[in-house]
Undergrad: 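Before we start, here is the structure in question, set down as structure tokens.
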Amino acid sequence: MTAIPANSRLRYHSQLRQGADERREDTHPLTWRLRDDGARVGLDEYRQKNGYEGARKALELAPGDVIDAMKTANVRGRGGGGFSAGVKWSLTQVGDNLPRGYLVCNADEMEPGTFKDRLLLEQQPHLLIEGMIIAGYANRSKYGYIFLRGEYVDAARAVALAIEEAREAGLLGEDVAGSGFDFDIALHTGAGRYICGEETALINSLEGKRANPRAKPPFPGQAGAWGKPTVVNNVETLCNAPAVMQHGADWYQALSGTLSNDGGTKLYGVSGLVERPGLWELPIGTSGWDIIERAGGMREGHTLKTWLPGGGSTGFLLPEHLELPMDFDTIGQYGSRLGTGLIAVVSQRQSLVALLRNLEQFFARESCGWCTPCRDGLPWAAKLLQAIEHGEGQPGDIELLQEHAKNIGPGLTFCAHAPGAAMPLESAIRHFRADFEAGIARHAEQEVS
Amino acid sequence: MATIHVDGSAYDVDGSDNLLHACLSLGLDIPYFCWHPATGSVGACRQCAVKQYKDADDSQGKIVMSCMTPAADNSWISIDDEEAHAFRARITEWFMTYHPHDCPVCAEGGHCHLQDMTVMTGHSRRRYRFTKRTHHNQYLGPFVAHEMNRCINCYRCVHFYNDYAGGEDFGVYGMNNNLYFGRHQEGVLESPFAGNLSEVCPTGVFTDKTHTKHYTRKWDLQYAPSVCHQCSVGCNTSPGERYGSVRRIENRYNGEVNGHFLCDRGRFGHDYVNRDDRPRRPEWRSEEKREGQSERDSDIMHLDVDPALDRGADLLRSARRIIGIGSPRASLESNHQLMALVGKDNFSSGIAAGEQACLERMSAIDAARAVATPTLRDVERHDAVLVLGEDLMHSAARLALSVRQAALGRRVALAAERGIPEWNTYAVNTLAQGRCHPLYIAYPTATGLDGISAKSLRLAPNDIARLGFAIAHEIDADAPAVPDLDDATRAHASAVADALVAAERPLVISGGSLESLSLLDATASVTRALARREKRAGLLLVRREANSTGLALMGGQPLDWALDAVTDGHADGLVVLENELYTRLPEARVDAALDAATALVVLDHQRTRTWKRATLGLPAASFAETDGTLVNLEGRAQRFYQVYDPRYMRPECRIHASWRWLDTLRASLERSSQDALTFEQAMDDCARAHPALSGMRNAVDTVALPEGIKLARMPHRYSGRTSLRANIAVSEPRMPQDPDTPLAFSMEGYSGFDRPRQNVPFAWAPGWNSPQAWNKFTDVVGGHLQGGDPGARIAGAPRPAGGAYPAADAIPTAFVPRDAEWQLWVLPRLFGGEATSARADAIAERAESPGLGLNGHAAQALNAADGTPLTFDAGNAPLTLALRIDNSLPDGIVTLPAGVLPDATSGRWVQLRREDER
Amino acid sequence: MSDTRFYAAASIATDGDGFTLHADDRRAILAERGHYEQPQAACIEALKIVQKRNGWVPDGAIAAIADTLGVGVGAVEGVATFYNLIFRQPVGRNVILLCDSSSCFLTGFEELRDVLSERLGIGFGETTADDRFTLLPTCCLGACDRGPALMINDDTFGPIAPGDLDELLEAYS
Ligand SMILES: Cc1cc2nc3c(=O)[nH]c(=O)nc-3n(C[C@H](O)[C@H](O)[C@H](O)COP(=O)(O)O)c2cc1C
Ligand code: SF4
Ligand code: FES
């Protein structure tokens with residue numbers, strides 16, 4: 001593995017589809033510093049490009065003012081939930097008599113169809129570190145962890161190096177940048193499992209336990225890692241903080257213009273059978289149409305049947321929904337969720353039932369096994385879909401699937417994993433019932449013959 | 001208090017409960033799995049769903065898990081709501097997708113929580129048509145059987161075994177729907193509480209292996225309220241009998257004593273009752289035969305009751321003076337009848353002098369104590385514990401479990417500060433991060449509670465006593481100071497003293513395990529010092545046997561005195577009550593006395609060595625075949641009831657309660673004719689004769705039943721009664737009658753839960769066949785029995801002014817190791833260290849082979865390695881045992897587990913040599 | 001005397017399957033422990049450290065890690081069997097993680113899986129007879145813009161057409 005093998009042309013590199021000429025400091029806060037060659041932006045280069053300016057400004061403010069700025073900017077969680085980062089930061093109960101807690105960066109990116117955090121981690125780890133310093137300061141955290149999925153080996157190297165650089169430059173450790181604030185970061189790499197991305201499962205995993213989610217309340221802000229107040233934020237969420245601090249909340253909020261009430265930009269992307277799958281940093285609220293357009297539209301010979309707006313745990317949408325602004329509130333009104341904002345397209349020539357079976361198998365396998373609906377319901381749903389896919393569905397199977405979708409919905413299970421699995425299931429049957437009936441009709445015919 | 005509205009009715013409940021707990025306490029049925037009254041809520045199974053509404057006007061509502069929702073004031077919920085009902089049925093359906101549906105061959109069938117809940121949710125039709133997953137099962141030792149395929153993944157086992165009971169060799173493995181609950185590798189479950197898994201597991205994954213070997217359905221067993229005879233804690237049990245043998249022991253809920261859990265010695269140690277070699281008819285050995293301890297059938301003459309009594313009376317009449325040797329494992333009633341037979345001056349407690357001195361000292365300390373004696377439930381609420389000279393995991397295992405909960409109580413306190421309710425188990429644990437209330441232990445070696453102790457000191461018994469005195473002095477300068485105290489001990493003493501004084505309710509636990517009077521004096525000093533600091537302190541003293549406390553209160557001479565009296569010719573007749581003398585004093589001493597006795601009558605239910613020496617052996621009833629009263633370590637008189645009549649299935653047997661044998665023997669001896677003694681009379685005689693025991697009368701249940709109605713020992717579904725003994729005779733005899741108690745050997749009678757009562761032979765309520773049925777018999781779930789918890793405390797109230805510090809000369813000098821000699825200490829051992837339970841197969845299998853404990857220095861000095869056989873002079877004969885290196889032992893000490901040598905050898909100095917270096 | 005201590009006795013009897021924790025690994029595990037508030041947090045990293053040296057986590061390592069960190073063996077095994085990147089069975093010299101999630105599914109994962117399976121002669125969870133490759137499925141690799149994707153050891157590749165396999169596998173002996 002040391003020599004560069006012939007297969008290096010097949011090596012995967014994370015890549016943004018926008019060239020440097022397209023990305024500007026005042027419009028692309030997340031990506032303007034990226035290099036066209038995809039190499040990691042080191043500390044020197046990052047600093048030359050105004051790096052750590054946001055952190056410097058934040059450390060001059062009171063923690064409460066930093067939180068206010070995040071609230072005003074309306075930075076919503078990019079991990080998929082869309083919860084206001086500012087509000088989340090204001091919930092940590094760090095008082096005089098309560099211990100300082102932890103800031104955890106959720107870099108577990110495993111949502112099917114999602115490949116955005118990888119880019120930031122591999123190519124621009126200092127932006128994340130800067131964001132974490134800001135968040136850590138706002139929450140008076142005593143320590144930060146980057147919970148990185150084990151498979152992101154290149155990202156691990158890049159992040160570890162960046163932490164080292166930052167520490168040597170006095171940006172981490174005691175007395176961060178001469179501010180009097182002590183804060184350090186450790187890289188924690190995982191050992192697989194999608195559920196580690198759920199924030200309380202992540203905390204358990206960080207503590208070296210099985211990644212079962214925790215009951216809420218208490219929320220992590222109240223009692224998180226080792227019972228201390230803990231903030232868990234997604235990589236991209238944290239990467240938004242430096243620009244907010246550097247240029248101000250109003251500037252950030254204005255980035256999305258009239259497109260959305262949410263502030264800032266978003267890493268959007270497309271996967272599936274499009275001409276140019278990839279990633280773009282665009283104002284939040286950009287329409288799905290616009291994004292797919294940038295991806296060159298469907299591949300030759302394919303037409304769009306349906307699409308997932310932001311990962312496997314979001315609901316299927318129809319081509320007509322491509323006109324909608326891709327933001328949390330809007331997509332939420334159409335029986336789906338923005339999720340991670342990375343679109344997956346399904347062609348008319350692909351089997352929706354097979355895709356759904358694949359998704360439900362994923363969710364069944366990745367269920368942590370804690371609660372009954374998810375642990376025992378999802379495998380059953382996956383088996384029903386498999387039967388339908390193979391034309392072995394029985395009358396009543398569709399209704400049974402719907403019953404499953406209903407009973408694993410929000411509030412009924414212990415965490416949002418199973419409701420995430422319910423979304424594509426419910427929406428697929430709602431939009432494309434005939435596809436499912438086909439798998440049952442054939443079975444009935446066989447029985448007659 | 002909070003008012004909650006359930007399906008339109010308003011109820012007052014404890015607002016600090018969760019809704020599930022509150023509703024179950026109200027008697028409402030909500031199905032559940034992952035929740036357990038003792039282990040709290042984790043919200044995993046989703047079975048306990050109910051509809052919750054914002055207010056009276058909300059008609060929408062949303063489904064919530066009742067176990068994870070506070071029973072807040074003005075909550076509006078519906079259990080009957082259609083959507084909630086349907087959801088609960090789906091949960092059960094999901095649970096059942098992989099379940100093998102093997103109820104007919106499953107040991108859980110008939111007392112299965114899963115069966116109960118399935119019926120309760122209404123799920124009946126199977127729609128899952130795909131394959132099930134299958135698992136490989138593990139060998140988990142002699143107690144617990146494993147059948148993972150029945151698992152419904154409720155996680156209750158891990159909550160109990162690991163979190164509640166502190167086990168570490170158990171866990172949950174895998175993920176998604178491929179979970180596995182068991183040991184990390186096949187092997188014996190290490191926790192002494194593993195047997196509770198059979199009751200905690202809601203289905204048949206973990207079942208009682210000893211029960212399976214002679215299996216009977218729950219509804220086909222005959223039960224009685226009983227009390228465990230295997231140590232001094234006195235846990236309440238529910239033995240179940242069929243075909244004349246006890247098939248299993250289940251926990252019998254007592255809110256003040258054992259709550260939901262037993263230790264494995266208690267649960268699996270009863271099998272001696274079923275031994276084939278048990279004496280079942282009176283036996284007569286002629287003088288010559290007795291000498292040789294012959295066991296050939298032809299040497300023994302089996303007698304019927306009347307000839308046995310006649311011969312017994314003649315035998316005793318021929319003696320000049322008869323000494324009665326009682327027993328701390330027999331009931332008060334039996335001991336008293338023995339005393340009545342031989343006279344007070346001729347009565348021995350049957351306890352060796354060293355132990356008896358300790359017991360008497362403990363009684364004196366209890367009587368003069370200035371602090372409360374906690375029940376096990378109270379123990380759990382103390383916020384600092386000092387254990388002096390006991391390894392509770394061995395000497396009183398169930399108490400150790402309560403002490404663990406006391407230490408863990410810190411979690412609850414910490415969570416409360418942050419507004420997290422006690423029942424939210426994982427949140428509470430997370431906040432605590434392993435922080436515990438202070439627990440200090442001083443013992444010669446590592447103990448089973450060291451894992452959660454703030455400090456465990458390994459000291460020689462004398463040094464433990466010195467530490468105790470030093471602690472007392474640190475707490476109260478008026479307590480005598482310890483001369484020549486080294487700095488390390490002083491520092492420890494001051495740390496312990498600080499912790500005890502800082503606590504609101506410090507608890508001191510000690511006992512007789514090390515047979516040290518100075519240790520007991522030290523314990524008394526500490527409690528006295530705490531009382532003078534006006535702490536709400538507690539004191540608990542551990543005794544060795546089920547009725548040690550009772551016998552100490554009854555009085556009597558030590559066993560040594562009795563043996564000497566016969567050996568020295570002051571007496572020539574001996575009546576021995578349920579006592580294996582060879583486990584108490586050295587063989588030569590016992591032999592000498594038994595040889596000298598011209599008349600030896602032995603009553604026992606076991607074929608002991610002592611029994612084999614008897615001229616007349618009278619087969620005594622075990623705890624399962626008679627009634628009696630015991631006094632446990634907290635001074636609680638508790639009554640155990642006869643489970644079955646042994647003659648029903650074995651008409652030839654002549655087993656009777658010892659108190660009955662002794663009474664009739666006395667009548668025969670006096671040639672008086674009298675009515676048969678009833679149990680009530682026997683109890684009353686005893687209470688009247690011994691003022692200290694008069695409170696035993698209150699250990700009786702006062703359930704009000706209509707005239708002529710008795711409590712049923714058998715569930716109403718008991719089957720096959722008419723054919724039980726069809727192999728013996730086709731005509732069915734009348735069921736045995738029970739003149740002694742309010743219980744009937746029948747399924748006819750009362751067995752409900754609506755009349756408050758203490759005597760619950762078996763817990764059953766409509767729809768509740770599993771042990772969770774106990775929730776119907778308690779005032780609130782996890783509280784007390786509706787009729788009050790069984791038993792009556794007979795000890796007086798604390799006397800705040802009473803007592804004085806022991807004199808300074810009670811403080812022993814520091815222990816000094818010797819060259820080439822070691823002080824021998826016999827340490828209690830849970831499995832194999834108690835004489836009757838050691839006769840149960842499963843316990844014998846679980847008992848590890850005994851070894852001599854020495855630390856590495858000593859091993860080096862002896863040029864011996866772990867396992868090297870070492871020999872020492874054990875009284876009349878040398879004893880050779882393998883060396884077990886135990887580096888937690890202090891220098892100069894060698895340990896031997898109980899049950900190998902008569903315990904009276906503790907404290908002796910012995911020389912050790914390698915067997916091969918003779 | 002081992003029988004005064006329940007919690008040590010049986011584990012000595014059953015866990016001694018000949019595994020000894022390498023001194024360097026023990027040191028590395030103890031160093032990891034320092035990064036966290038409680039020692040158990042180092043458990044996953046400890047398993048990875050052992051796996052790095054052995055290729056997988058043998059039974060005896062569970063007890064050794066439990067002992068090193070002062071955590072129950074049940075807890076360590078519970079963790080070891082939860083995470084899919086901890087191997088509790090021996091694996092080949094090279095581990096192929098083939099992404100089986102939705103975007104790769106949409107770009108040809110199933111065909112790639114079938115070809116790869118046939119080429120190696122093994123299915124998921126199996127190891128080639130020459131111990132060269134173990135084939136495992138994995139969650140979305142975050143390479144969806146270049147699906148179907150896979151990882152071999154530490155290297156990520158994509159998109160992989162069936163025809164690329166020869167060239168790809170060649171580098172891994
Ligand atoms: C099953 C499941 C998986 C998740 N995976 C991730 C993930 O990989 N990365 C992530 O940032 N958030 C993930 N989340 C969301 C997190 O729980 C959490 O909401 C998020 O990290 C919060 O950060 P944010 O507020 O910055 O978005 C997941 C949630 C669920 C229910
Ligand atoms: S919903 Fe699934 S992943 Fe979430 S706790 Fe329940 S079993 Fe675990
Ligand atoms: S009993 Fe409430 S979720 Fe299990």
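Excluded from the calculations below are hydrogen atoms, water molecules and symmetry mates; all remaining heavy atoms, backbone and side chain alike, are included. In what follows, chains are A, B, ... by sequence order, proteins preceding strands, each numbered from 1.
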Undergrad: Residues two or more places apart in sequence or in another chain: which of them pass side chain to side chain contact (heavy atoms under 4.5 Å, CB included) with A:Ala156?
TA: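 Listed in chain order: A:Leu148, A:Leu187, A:Thr189.
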Undergrad: Counting only non-hydrogen atoms closer than 4.5 Å, does A:Lys228 touch chain C with its backbone (N, CA, C, O), its side chain (CB onward), both, or neither?
TA: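 Just the side chain, heavy atoms under 4.5 Å.
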Undergrad: So which part of C:Ile160 gets closer than 4.5 Å to some heavy atom of chain A, the side chain, the backbone, both or neither?
TA: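 The answer is the side chain of C:Ile160.
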Undergrad: Name the region of A:Leu359, side chain, backbone, both or neither, that has any atom closer than 4.5 Å to a heavy atom of chain C.
TA: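 When you check distances to chain C, only side chain atoms of A:Leu359 fall under 4.5 Å.
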Undergrad: Side chain, backbone, both or neither: which part of C:Ser173 has a heavy atom under 4.5 Å from chain A?
TA: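 Contact with chain A involves no heavy atom of C:Ser173 at all.
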Undergrad: So, A:Asp117 and A:Asn234: side-chain donor and acceptor under 3.5 Å apart, yes or no?
TA: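 A:Asp117 vs A:Asn234: donor-acceptor pair found between side chains.
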Undergrad: Quick one: what part of C:Ala42 sits under 4.5 Å from any heavy atom of chain A, side chain, backbone, both or neither?
TA: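 For C:Ala42, no heavy atom lies under 4.5 Å from chain A.
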Undergrad: With only heavy atoms counted, which part of A:Glu111 is less than 4.5 Å from chain C, the side chain, the backbone, both or neither?
TA: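 Interface part for A:Glu111: backbone (N, CA, C, O).
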Undergrad: So which part of A:Arg357 gets closer than 4.5 Å to some heavy atom of chain C, the side chain, the backbone, both or neither?
TA: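 It is the side chain, since no backbone atom gets that close.
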Undergrad: Using a cut-off of under 4.5 Å on heavy-atom pairs, state which of A:Glu366, A:His188, A:Arg17 scores highest against chain C.
TA: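 With the most close heavy-atom pairs to chain C, the winner is A:His188.
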Undergrad: Give a yes or no on whether the backbone of C:Leu21 and the side-chain of C:Asp25 come within a donor-acceptor separation of less than 3.5 Å.
TA: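 Looks like no, no N/O pair under 3.5 Å.
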Undergrad: Side chain, backbone, both or neither: which part of C:Glu32 has a heavy atom under 4.5 Å from chain A?
TA: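 Neither part, no heavy atoms under 4.5 Å.
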